[in-house]
Amino acid sequence: MLTDPDCLFCKITAGEIPSDQVYSDEYVVVFKDINPKASVHLLIVPREHIKSLNELEEKHDSLIAHCMRLLPKIAKEQGLDNGFRTVINTGAGGGQEVFHLHIHLLGSNDLGDAWF
Ligand code: 5GP
Ligand code: ZN
């Protein structure tokens, strides 16, 4: 599995940099965003270093399906019974700041119409 020793999220998923983890398995780590935009703001981060959606290949299909199916399970565990929002920023123009693919999972009692 590809990782990048200089990548922040590779260091976090490897446990070299601490994070507030809520879930982890062989493929992904889920931890709290350091600068939360909602009362629940988690990042679903594959352990493999994939820079963004632009670098996804067919070989990643099962990993992506795994992430998608994990989202509602984590949301439920977090008490988000009324729904949740997912965001993936891609590239500088899409607001991506950390170039290791991740899915934002956001929720609260009143998320409103903010796009984050
Ligand atoms: P992006 O803009 O790339 O989609 O999102 C990157 C996210 O990572 C931001 O919401 C930012 O707050 C979060 N983040 C950046 N550095 C750290 C860190 O060291 N630890 C954690 N937990 N989150 C981080
Ligand atoms: Zn990485």
Side-chain angles (χ1 to χ4, degrees):
M1 185 191 63
L2 184 72
T3 58
D4 176 349
D6 298 322
C7 167
L8 173 64
F9 282 1
C10 282
K11 289 179 187 168
I12 289 179
T13 55
E16 291 164 18
I17 290 179
S19 67
D20 204 340
Q21 283 189 22
V22 303
Y23 174 88
S24 80
D25 65 27
E26 190 181 346
Y27 306 105
V28 299
V29 179
V30 180
F31 54 87
K32 294 184 182 177
D33 196 294
I34 206 166
N35 182 22
K37 300 283 198 291
S39 54
V40 175
H41 185 174
L42 302 175
L43 302 172
I44 286 75
V45 184
R47 290 184 183 275
E48 181 170 349
H49 181 78
I50 305 164
K51 281 205 286 189
S52 79
L53 285 182
N54 284 327
E55 283 73 28
L56 271 188
E57 298 176 26
E58 197 174 349
K59 67 182 178 188
H60 301 123
D61 284 0
S62 61
L63 171 63
I64 294 307
H66 181 67
C67 291
M68 290 298 139
R69 283 169 39 73
L70 196 55
L71 286 162
K73 292 181 191 166
I74 302 277
K76 195 170 184 189
E77 280 173 16
Q78 294 289 318
L80 300 174
D81 298 324
N82 198 33
F84 58 93
R85 183 165 299 153
T86 46
V87 174
I88 304 177
N89 297 321
T90 302
Q96 187 174 6
E97 291 175 356
V98 178
F99 283 81
H100 177 131
L101 179 64
H102 53 280
I103 305 170
H104 296 257
L105 167 58
L106 298 130
S108 69
N109 287 333
D110 181 15
L111 205 52
D113 58 5
W115 273 97
F116 304 102

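Note that ligands are numbered from 1 as they come in the structure, with each ligand's atoms numbered from 1 the same way.
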*Option passing side-chain contact (heavy atoms from CB on, under 4.5 Å) with Phe31 (candidates Asp20, Ile12, Ile44)*: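 It is Ile12; the other options fail the test.
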_Glu16 CD: over 12 foreign heavy atoms closer than 6.0 Å_ =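 Yes, the 6.0 Å shell around CD holds more than 12 heavy atoms from other groups.
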*More than 12 non-hydrogen atoms from neighbouring residues, nucleotides or ligands closer than 6.0 Å to NZ on Lys11, yes or no?*
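Counting other residues, nucleotides and ligands, NZ of Lys11 exceeds 12 neighbours.
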Would you say [X] touches ligand 1, if touching means a heavy atom closer than 4.0 Å?
X: His104; result: yes
X: Phe99; result: no
X: Ser19; result: no
X: Ile12; result: yes

*At a non-hydrogen distance cut-off of under 4.0 Å, which region of Leu43 contacts ligand 1 (side chain, backbone, both, or neither)?*
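Contact part for Leu43 vs ligand 1: side chain (C-beta onward).
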*How does His102 reach ligand 1, by side chain, by backbone, by both or by neither, if only non-hydrogen atoms under 4.0 Å count?*
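For His102, the contact with ligand 1 is made by the side chain alone.
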_I want to confirm something. Looking only at heavy atoms, which of Val98, Leu8, Asp33, Ile103 is nearest to atom 7 (C) of ligand 1?_
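Going through Val98, Leu8, Asp33, Ile103 one by one, Asp33 has the nearest heavy atom to atom 7 (C) of ligand 1.
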*Ile34, Asp20, Ile17: member with heavy atom nearest to atom 18 (C) of ligand 1*: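 When every heavy atom of Ile34, Asp20, Ile17 is considered, Ile34 comes closest to atom 18 (C) of ligand 1.
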*Is there a donor-acceptor pair under 3.5 Å between the side chain of His41 and the backbone N or O of Ala38?*
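Not a single qualifying donor-acceptor pair exists.
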*asked:* Tell me whether His104 contacts the main-chain N or O of His102 through its side chain, where contact means a donor paired with an acceptor under 3.5 Å.
replied: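 No; judged by distance alone, with no hydrogens or angles, the pair does not exist.
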_I need the atoms of ligand 1 closer than 4.0 Å to a non-hydrogen atom of Asn35, numbered in the order shown._
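In order of number, 12 (O).
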_Atoms of ligand 1, numbered as shown, that sit under 4.0 Å from any heavy atom of Asn89_ =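 With Asn89 as reference, the close atoms of ligand 1 come out as 1 (P), 2 (O), 4 (O).
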*Determine whether Leu63 and Leu56 make a side-chain contact, defined as any pair of heavy atoms from C-beta on separated by less than 4.5 Å.*
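Not in contact.
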*Contact check, side chains of Tyr23 and Leu70, non-hydrogen atoms, under 4.5 Å*: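 Yes; the side chains approach each other to less than 4.5 Å.
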*Flag Gln96 as yes when one of its N or O atoms lies below 3.5 Å from any N or O atom of ligand 1, and as no otherwise.*
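No - when backbone and side-chain N and O of Gln96 are compared with those of ligand 1, no distance drops under 3.5 Å.
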_With nothing but distance in play, are any N or O atoms of Lys32 less than 3.5 Å from an N or O of ligand 1?_
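Between Lys32 and ligand 1, an N or O pair is found under 3.5 Å apart.
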_For the metal site, I want the angle between atom SG of Cys7 and atom ND1 of His100 with the Zn ion (ligand 2) at the apex, to 10°._
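If I round to 10°, I get 110°.
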*What is the nearest protein non-hydrogen atom to atom 8 (O) of ligand 1, stated with its residue, atom name and distance?*
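Residue, atom and distance for the closest contact: Phe9 CZ, 3.6 Å.
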*Look at atom 2 (O) of ligand 1 and say which protein heavy atom is nearest, naming residue and atom and giving the distance to 0.1 Å.*
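The answer is Gly95 O, 3.0 Å.
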_Shortest-distance N/O/S atom, His49 versus the Zn ion (ligand 2)_ =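 This residue's closest N, O or S atom turns out to be ND1.
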*How many angstroms lie between atom NE2 of His49 and atom CG of Asp4, to the nearest 0.5 angstrom?*
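Those atoms lie 4.5 Å apart.
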*Can you measure from CZ (Arg85) to NZ (Lys37) and round to the nearest 0.5 angstrom?*
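Answer for the CZ-NZ pair, Arg85 versus Lys37, is 13.5 Å.
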*Verify the cluster assignment for Phe99 and Val45: are they in a single hydrophobic cluster under the rule of side-chain heavy atoms below 4.5 Å apart?*
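Hydrophobic grouping puts Phe99 apart from Val45.
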